[in-house]
S.K.: 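The structure that follows is given in the form of structure tokens.
No experiment lies behind these values; they were computed from the predicted model shown.
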Amino acid sequence: MISLVLAMTWARRGQAITLALLTLLAVASAVAAPAYLLAVDRAVAAGQVATAAPNELGMVISARQNDRDEGDGGSSTGLQFAEVGQALVQLPGFHYVYSAEFPAIGVEPDPQRASRLVFRQETCEHVTLLSGRCLIGAGDVLVGERTADRLDLAPGDPITLGAARFNPDPTNPIYLPDGEPARLTVVGVYRATDITEAYWGTHGYFTTVPGRGPGEPMFTGAATQQAMDHGDTDVAIDGTAGSAVLDVDRLGTLRGELDRLKETSESLGAQMAISTRMPDMLDRIDRGREAARLLVPVIAVPLVLLACFSIFLAVGYSAQGRQNELAVVALRGPQWWVRWWITTGESLVAVVAGAVVGCLAGQLLVNLVAALRFPGVGADPGWSSLRYAPLATLLALAAAVAAQRRQLLGPVSSLLRRGPASGRRIPVTEAVATTLAVAAGVQLVLSGGELTGVGLLAPALLVLAVSLLVARALVPVVTRYAARALRRGHPGAALAAYQLSRRPGAERVFALLVATVAVAGYAAAAVDTAERVRHVQAAVGTGAARVLTVSPVHRQTLLGAVRAIDPEGRYAMAVAGLAKGGFQEPAGLAVDSTRLAAVMNWPDGAPDAAAVARLLRPDAPAAPVFPGQDVQVVLSSGNLADGRVLRLNLAVSSVTGLGDEVVQLGQLSTGRSNYVQRVDVCREGCRLNGIGVSAVGTSTGATGSLVLEGLGSVNPVRPITSATLTDPAAWRTESGVRLSADPAGLRIDLESSDTLAAGVWVQPADAPAPMPVAHTGTLPDDATITGLDRRRLLTEPVAELPTVPRLGRDATLVDLEYADRVAVDGGAAAVSQVWLNDSAPPDVLDRIAEQGLTVIDDVAEDRTLRQLDQQGPALSLWFFVLAAVLVVLLGAGGLVLTAAVDRRRRVEDLSALRAQGLSRTAAGRATLWTYPLLVLIATVAGLLVAALAWELTGWTLPLAGVDPPDLPLPGRPGPFTLPATGAVVLAVLTLVALVTGNDLRRRVR
């Protein structure tokens, strides 16, 4: 019997090879999915390590110790290598750098400022010496270039430094001596080669100090520090992971080592702190892998089901083609197992052979894709890739047996019938598939889109069910078309259509082709939508082509610096973050709206950027300006109730970007007084932000009146015009204060005894009130937000956006200059940034440094996009591309096998019709049009099925990457994605159909 089955297989080896190839694709798909997941696991890890921030690739072990306590025999509370040595041994492969620092005074003229005297191993290898030499012996000191310019220091200059401590008395915030001073020598002037490299750790050595420019420590040697008399010293060990530590095969071990290190630090007590963001990177890798494990099965399941369906179809068609010989076998009345073996053996041999080869082919295919897409990472082949191969083989065998149930169980009379049985077939398959699809869809909706359980099968079952239903509806439509074509004298078209409607199994061939196009279209929709999502995340999520975060500086300093860098406003924009005053308050950005349209990545669907910028910055009166640094305020006060002690304050901002300041002019005195104060930031002129009155000490409020009689500068003598002073409309204030004109100037009446509890301000009306705001989401009920100075700011919505770039769908956008004009804190911006577009010059960082800004973070749109491309969702979608290719091969294979089985019978039928007078032209059309017509209709239907499946299930796919921002991300592919995919599939399948049809035409006599 075995030899007979092998002989039958050899006699129809073309069909057997085709069936084996279909099985190969089915098993290869089942093997490729887990194999690809293993490859993606490695690729995700490698990609996240390659794109990790410097502080995610190391750790800092820090403590504070006092050498005097040790010298006196006390117990040290600091960090010692002996204590952490055991912990560090548990983390091999790290490069460790020791550092120690304490504040020192002696060279800074301002007692509120101390120098950072730092010892750090390998300093000379990471700085560029501009003059002098590096550290050699005791007493050597390196100073930064800007510190040297500011303090007029050069190599060879002697300096005196002594350890310092900060005065605990808040009324006198200065540094006090904390040790005998030492005589040191400046031996070199340095510039940090790259302040963002991992070597510098997270110590903020080069953080900008508002009003003083970039921070620069003084570097010295360990011997110099130890020889100096000092108390508390901040010590740290910075560990940077080497390449061996970050190998993808060792990341699991690394997490365990970090956990053990944490336990060790806890056992040492509170004196030692370990900080690292490496677990954040490892968590991101894990989340990326989890997303891949959700996405790959979404397309792998329909691929395997479609492969089994193609096997079912191919075997069924093949069995129908040899029904005559099977009828002879049944007529002889053999034992059931003999009939079973003769009927199914030929197909089972091909299925088993294809399954064996498919196990190897699936892994090799993934290896090829991994080598092309993940170079240097590898696919990590293993036996675990084969865990679904037996299941896929059993499904293929079950499909082969189920396809021949009629030949196994049917009577001889049914086996001898060439046409379909009379009566309508009960749509059991369609009913089962539809029921399962509905159940999976309901589960998907009830779970909120979680791809778990039956919900994971929802896309596959939906495609299969709709494809079967569409195929079911095809037969009557094609039958009517055939009858109409025959009546109109088009026998070729009629015969082609009747072949589709009358041939047993043609309905399932059509369902296979519809599902083929649908799965390919669904895969293309996922890939294209995910790419569009990543581009939106990178562009709108970043905010601009490049976002530089600088050390905190005054808002006017930031504005002035950026405008100096880019006077024409072509590529740079100053941006400051608005503080959130409450949990429900939206986040906000204050931007230089004169550059908004040129720099910001504007979201789709938003009003025109230039129009929004004009709305945010309406015309406003000019602000009063002090022309010189000796500012003068002339004020009369009287009738202040209960003798309250009040202080007069002045908030000013430099007009040239030197900074902001709140000047305390002194206590208010009864009668007319002239208040004069020298303000350094006003040396080139400054703008008045506000005049404030606040209670001193236990005073909580006051009532009475003040008259502002004069504003100006003493040197040069130049008053602010009296018209500005006497017009109450030119000023604004807050509740509890009333403004009116007075013959002497501006009258200010304090009408509430509680007004001065937190201080009140009278400000020039040089900014719109309420403040124009563009927003997304819901503003607070009172239309106020927290301003730059953390006071409540009344706003007026002028534009509604789908999202605010970088912040998301619950945020606000205001003009930075206007928002700063109403701020009276004189402080630095909460978040200081410089946004750049893609036309920024290559030396923009040097230009920024020349303006005294220190870049502490650099986020680029293209780098963000590369990071997203290395996350699990993006990497796993390459399997969708592979699945689309495999599914088209399945459809083509099913079409080839169908044509091969049909060929003999169709040749007989058409040859008989030719003998009855059918023209060669009509016979040629009947042979050439059948399968191309089937492919064309299936392509159109398949694209509609793909669009329907995507609308119903596409929203559940985690395409947005790890920790997606709150942005309105695209939910659909581009308008040309599905048509383009359909055109490619149509071209491939039509080519196969034409080749098979042409072969059939040549055989017809």
Side-chain angles (χ1 to χ4, degrees), residues 108-113 150 172-174 209-213 553-557 559-561 621-637 645-694 696 706-727 730-731 742 744-746 748 759-766 789 817 820-828 852:
E108 291 288 350
D110 187 350
Q112 293 184 341
R113 179 177 173 84
R150 180 166 50 84
N172 189 24
I174 63 173
V209 178
R212 298 186 179 274
V553 293
H554 294 110
R555 278 93 61 174
Q556 284 301 314
T557 302
L559 265 172
V625 174
F626 294 99
Q629 62 181 341
D630 295 317
V631 300
Q632 181 183 39
V633 178
V634 180
L635 192 72
S636 297
S637 61
V645 179
L646 304 179
R647 177 182 293 133
L648 182 65
N649 304 311
L650 201 66
V652 294
S653 294
S654 168
V655 295
T656 58
L658 296 177
D660 305 283
E661 191 167 338
V662 176
V663 184
Q664 295 183 3
L665 296 178
Q667 294 182 8
L668 281 174
S669 56
T670 304
R672 189 175 187 273
S673 300
N674 188 21
Y675 302 88
V676 179
Q677 182 76 269
R678 172 160 290 186
V679 184
D680 186 59
V681 298
C682 293
R683 60 183 180 270
E684 298 176 6
C686 59
R687 187 186 70 241
L688 173 65
N689 289 336
I691 301 172
V693 178
S694 60
V696 178
L706 308 170
V707 178
L708 179 62
E709 298 184 9
L711 287 171
S713 62
V714 175
N715 186 21
V717 177
R718 189 176 301 170
I720 295 176
T721 60
S722 59
T724 303
L725 293 179
T726 58
D727 183 9
W731 301 85
D742 187 272
L746 178 70
I748 305 171
V760 295
W761 288 89
V762 176
Q763 298 179 267
D766 58 346
D789 56 358
E817 185 169 1
D820 185 55
R821 286 185 183 183
V822 300
V824 292
D825 62 334

S.K.: Which atoms form the tightest heavy-atom contact between Cys682 and Val631, and what is the distance?
M.R.: SG-CG1, 4.2 Å
S.K.: Which atoms form the tightest heavy-atom contact between Ser637 and Leu706, and what is the distance?
M.R.: CB-CD2, 3.2 Å
S.K.: Could you give me the CA-CA distance, side-chain angles and deciding distance for Leu635 and Ser673, then say whether side chain to side chain contact (heavy atoms under 4.5 Å, CB included) is met?
M.R.: CA-CA 5 Å; Leu635 192 72; Ser673 300; 5.8 Å; no
S.K.: Does anything in residues 663-677 form a salt bridge (charged side-chain N to carboxylate O under 4.0 Å, His left out)? List the pairs, not counting sequence neighbours.
M.R.: Arg672-Glu709
S.K.: Heavy atoms, side chains only, cut-off 4.5 Å: are Asp630 and Ser713 in contact?
M.R.: no
S.K.: How far apart are the closest heavy atoms of Thr656 and Glu684, and which atoms are they?
M.R.: OG1-OE1, 2.8 Å
S.K.: Could you walk me through whether Gln556 and Asn689 pass the side chain to side chain contact (heavy atoms under 4.5 Å, CB included) test, one step at a time?
M.R.: CA-CA 12 Å; Gln556 284 301 314; Asn689 289 336; over 6 Å; no
S.K.: Restricting to side chain to side chain contact (heavy atoms under 4.5 Å, CB included), what partner residues turn up for Val663, sequence neighbours left out?
M.R.: Leu650, Val652, Glu661, Leu665, Gln677, Val679
S.K.: Rounded at 0.5 Å granularity, tell me how far CG in Leu559 sits from OG in Ser654.
M.R.: 11.5 Å
S.K.: Considering all heavy atoms of both residues, which atom of Gln763 and which atom of Arg821 are nearest to each other, and what is their separation?
M.R.: NE2-O, 3.5 Å
S.K.: Check this for me: does any side-chain nitrogen of one of Asp789 and Arg555 sit under 4.0 Å from a carboxylate oxygen of the other?
M.R.: no
S.K.: Could you tell me whether the side chain of Val681 reaches within less than 4.5 Å of the side chain of Asp660, counting heavy atoms only?
M.R.: no
S.K.: As an exercise, state the distance from CD of Gln667 to OH of Tyr675, rounded to the nearest 0.5 Å.
M.R.: 9.5 Å
S.K.: Work out which heavy atom in Pro764 is nearest to a heavy atom in Leu688; give both atom names and the distance.
M.R.: CG-O, 3.5 Å
S.K.: I want to check something: taking the side chain as every heavy atom from C-beta on, are Leu711 and Ile691 in contact at a cut-off of under 4.5 Å?
M.R.: yes
S.K.: Could you tell me whether the side chain of Val633 reaches within less than 4.5 Å of the side chain of Leu708, counting heavy atoms only?
M.R.: yes
